[in-house]
Amino acid sequence: MKSLAYSVLLFVSLSSSCWAQISTADQLDQQGLAATCANCHGTNGKGVPNASIPLISQLSSEELLAQLLAYKSGTRSGTLMPQLTKGYTDAQLESIANQLGQKP
Amino acid sequence: MNNSRRHFLAHSAAGLSLLGGFSSFAQASLGKAQILVIGGGFGGATAAKYLRLFSNNTANVILIEPNASFLSCPMSNFVVAGMRTMADITSPYEGLTKHHGIKLIRDSVSAIDPDKKTVKLSSGSVLSYDKVVLSPGISLMMNSIEGLAKANQAGVTLQAWKAGPETLMLYKQLAAMRDGGVFAISIPEAPYRCPPGPYERASLVANYLKQHKPKSKVLILDANQDITSKGALFKKAWAEQYSGLIEYFPSHNVAGVDAKTKTLRFEVQDDVRADVLNVLPAMSAGEIAIKTGLANANGRWVNVDFLNFEATAAKDIHVLGDAIQTAPLMPKSGHMANQHAKVAAAAIIAQLNDWPINPAPVVNNTCYSFVNEHAAVHVASVHQYDAQAKTFKSVPGAGGLSSESSNTEASYAWGWAHNIWADTLA
């Protein structure tokens with residue numbers, strides 16, 4: 001019984017960790033910016049599995065930023081991403097990577 | 001008026017006398033505010049969900065929507081062409097209630113009173129609000145074409161532009177058509193919902209006819225001078241895949257419909273007769289926006305403040321999606337409505353927290369169109385807010401089109417659909 005309660009608690013805390021608490025205007029702005037990716041990559045970067053669009057939620061913030069910048073500079077090819085990343089500033093891409101990437 | 005200014009006025013003696021005639025002038029705090037979201041399409045459903053997410057699930061959000069389920073316009077052309085079922089483009093609203101604590105009222109809105117800050121439902125109930133998010137979609141101006149309202153009511157012509165019963169009816173008419181018959185789609189002058197949608201529909205219908213009734217024809221009767229989106233990509237696909245099957249006629253503005261003879265009359269050119277008529281009239285903001293006096297752009301579309309999507313005609317009513325007078329190069333698409341919703345939701349939460357609103361929002365658009373069952377093309381754009389011009393401007397050098405149609409794009413298109421449906425509703 002004790003272990004069941006523990007698993008439920010663990011599940012709840014894991015679920016809530018999917019969405020960071022917002023307690024400042026700056027955090028809200030950053031979540032809003034990252035949410036512009038969610039149409040294709042899923043809410044908070046957690047896309048629908050097997051939907052053919054690459055899942056990004058397992059990447060670290062550093063890996064994510066490196067890929068976004070590679071798309072933007074043209075060193076990585078793709079269909080949409082090279083076109084979309086060019087519309088964001090480097091600082092915006094960094095903010096997005098920090099929001100959606102796994103923290104170490 | 002910015003937030004701090006409003007706050008000051010509301011709490012000062014000068015403010016009280018200045019605003020003495022208003023029934024409500026102070027902004028309700030986040031926990032106490034009642035937010036009504038009207039319309040559960042891509043704009044409204046996303047706004048409801050993100051109002052909850054951005055407020056750490058503390059905002060009181062009620063979604064008012066007459067339909068039992070969400071019906072997606074994107075991918076509905078597959079149903080028209082008999083390649084998918086209505087179930088494939090239908091999603092439940094349950095995710096919003098179960099996962100996000102949004103109260104859902106299944107009803108439509110008959111009136112909004114911006115002065116009393118109340119919303120009247122068709123059932124007769126009246127709800128008060130602190131904030132309204134209005135995502136009313138489009139209204140089809142049936143009276144802009146002589147005889148169309150009657151012809152559409154009788155099912156002689158169909159629109160099938162709002163996904164729903166007509167989507168399936170159009171397929172049934174197509175399935176019942178003789179081999180050698182004519183399917184005609186007419187397109188109004190831009191702006192209208194989903195710029196490339198009619199050309200995708202023509203392509204998928206041609207794909208169906210090529211397989212099942214190869215002697216038939218698809219006529220595209222476009223009021224515009226040329227294809228309004230992805231023109232070169234569509235023209236290439238039609239020349240390569242549907243030569244002799246699709247015929248494109250620019251500058252053909254439908255003036256009237258003769259339901260008895262299934263004939264379209266034009267402003268200039270000769271009449272066109274068809275077996276299946278898919279007539280798309282000019283469009284405007286959804287009826288409730290017009291009725292509330294919000295459509296102050298040519299009486300058709302709603303002007304908004306792009307920082308928070310508040311209607312310029314009424315305080316505390318935020319309008320999203322296809323109903324607005326868009327920023328330059330900002331298409332009327334489901335993807336865009338979802339993006340508007342997030343900007344509006346963040347701004348509303350900031351306002352209710354008494355925080356500054358994000359002064360530099362950004363939105364993007366991605367839009368896939370199928371040229372046949374297995375190949376698609378895309379167009380994409382990114383729009384950054386320009387504080388001086390007070391509008392979104394598309395970033396030069398960003399965005400663009402597919403180099404060619406491909407199966408990879410088709411697979412991404414379905415991936416996009418499943419992800420945006422989930423981001424909007426799950």
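As a basis for the values below, the full set of heavy atoms in this structure was taken, side chains included, without hydrogen atoms, waters or symmetry mates. On a predicted model such as this, the values are computed, not experimentally measured, just so you know. Below, read A as the first sequence line, B as the second, and so on, with proteins coming before strands; counting in each chain starts at 1.
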Student: Could you check if a side-chain atom of N358(B) sits within less than 4.5 angstrom of a side-chain atom of L28(A), using non-hydrogen atoms only?
Tutor: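 Side-chain contact under 4.5 Å: no.
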
Student: Main chain of N56(B), side chain of Q21(A): is a donor-acceptor contact present, judged purely on distance under 3.5 Å?
Tutor: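 No.
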
Student: If every non-hydrogen atom of I53(A) is compared with every non-hydrogen atom of G415(B), which pair is closest and at what distance?
Tutor: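 Closest heavy-atom pair between I53(A) and G415(B): CD1-C, 3.5 Å.
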
Student: Should I22(A) and W355(B) count as side-chain neighbours, where that means a heavy-atom distance under 4.5 Å?
Tutor: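 Yes, at least one pair of side-chain atoms sits under 4.5 Å.
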
Student: So, for A422(B) and T43(A), which heavy atoms are closest and what is the spacing to 0.1 Å?
Tutor: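 Heavy-atom minimum between the residues: O-OG1, 4.3 Å.
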
Student: Shortest non-hydrogen contact from H418(B) to A51(A)?
Tutor: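 Of all heavy-atom pairs spanning H418(B) and A51(A), the closest is CB-CB, 4.3 Å.
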
Student: How many angstroms lie between atom NE2 of H378(B) and atom OG1 of T79(A), to the nearest 0.5 angstrom?
Tutor: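 Here the interatomic distance stands at 6.0 Å.
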
Student: Tell me, with the steps shown, if S52(A) and Y412(B) meet side chain to side chain contact (heavy atoms under 4.5 Å, CB included).
Tutor: CA-CA 6 Å; S52(A) 83; Y412(B) 285 158; 4.1 Å; yes

Student: Taking A380(B), S403(B), G400(B), S406(B) one by one, which has the highest count of heavy-atom pairs under 4.5 Å against chain A?
Tutor: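 Looking at each of A380(B), S403(B), G400(B), S406(B) in turn, G400(B) comes out on top.
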
Student: Given the options S411(B), S55(B), S381(B), G399(B), which has more heavy-atom pairs under 4.5 Å with chain A than any of the others?
Tutor: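 Of S411(B), S55(B), S381(B), G399(B), G399(B) has the most heavy-atom pairs under 4.5 Å with chain A.
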
Student: Going by heavy atoms in the side chains, are C40(A) and T366(B) under 4.5 Å from each other?
Tutor: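 Yes, their side chains come closer than 4.5 Å.
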
Student: For P54(A), is it the side chain, the backbone, both or neither that has a heavy atom under 4.5 Å from a heavy atom of chain B?
Tutor: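 For P54(A), side-chain heavy atoms alone lie under 4.5 Å from chain B.
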
Student: Can you tell me which portion of Q27(A) sits under 4.5 Å from chain B's heavy atoms? Options are side chain, backbone, both or neither.
Tutor: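 When you check distances to chain B, no heavy atom of Q27(A) falls under 4.5 Å.
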
Student: What residues of residues 39-53 of chain B sit under 4.5 Å from chain A when only non-hydrogen atoms are counted?
Tutor: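 Within residues 39-53 of chain B, near chain A: K49(B), Y50(B), L53(B).
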
Student: Are V395(B) and K86(A) packed together at the side-chain level, in the sense that at least one heavy-atom pair is separated by less than 4.5 angstrom?
Tutor: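 The answer is no; the side chains never approach within 4.5 Å.
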
Student: Hey, is the main chain of T36(A) close enough, under 3.5 Å, to the side chain of Q339(B) for a donor-acceptor pair?
Tutor: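 Looks like yes, one N/O pair under 3.5 Å.
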
Student: Contact part of T85(A) toward chain B, heavy-atom cut-off under 4.5 Å: side chain, backbone, both or neither?
Tutor: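 For T85(A), neither part sits under 4.5 Å from chain B.
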
Student: Could you look at N57(B) and say if it's the side chain, the backbone, both or neither that has a heavy atom under 4.5 Å from chain A?
Tutor: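 Contact with chain A involves no heavy atom of N57(B) at all.
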
Student: Return yes if a side-chain donor-acceptor contact under 3.5 Å exists between N39(A) and K342(B), otherwise no.
Tutor: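 Present: a donor and an acceptor within the cut-off.
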
Student: Out of V343(B), V379(B), I420(B), which one racks up the most heavy-atom pairs below 4.5 Å with chain A?
Tutor: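 Heavy-atom pair counts peak at I420(B).
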
Student: How close do Q31(A) and F54(B) get, counting heavy atoms only, and between which atoms?
Tutor: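 Smallest interatomic distance, heavy atoms only, reads CB-CE2, 4.0 Å.
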
Student: Between Q83(A) and L401(B), is there a donor-acceptor pair closer than 3.5 Å when you use the side chain of the first and the backbone of the second?
Tutor: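 Answer holds: yes.
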
Student: So, N419(B) side chain and V48(A) main chain: donor-acceptor pair closer than 3.5 Å or not?
Tutor: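 Answer holds: yes.
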
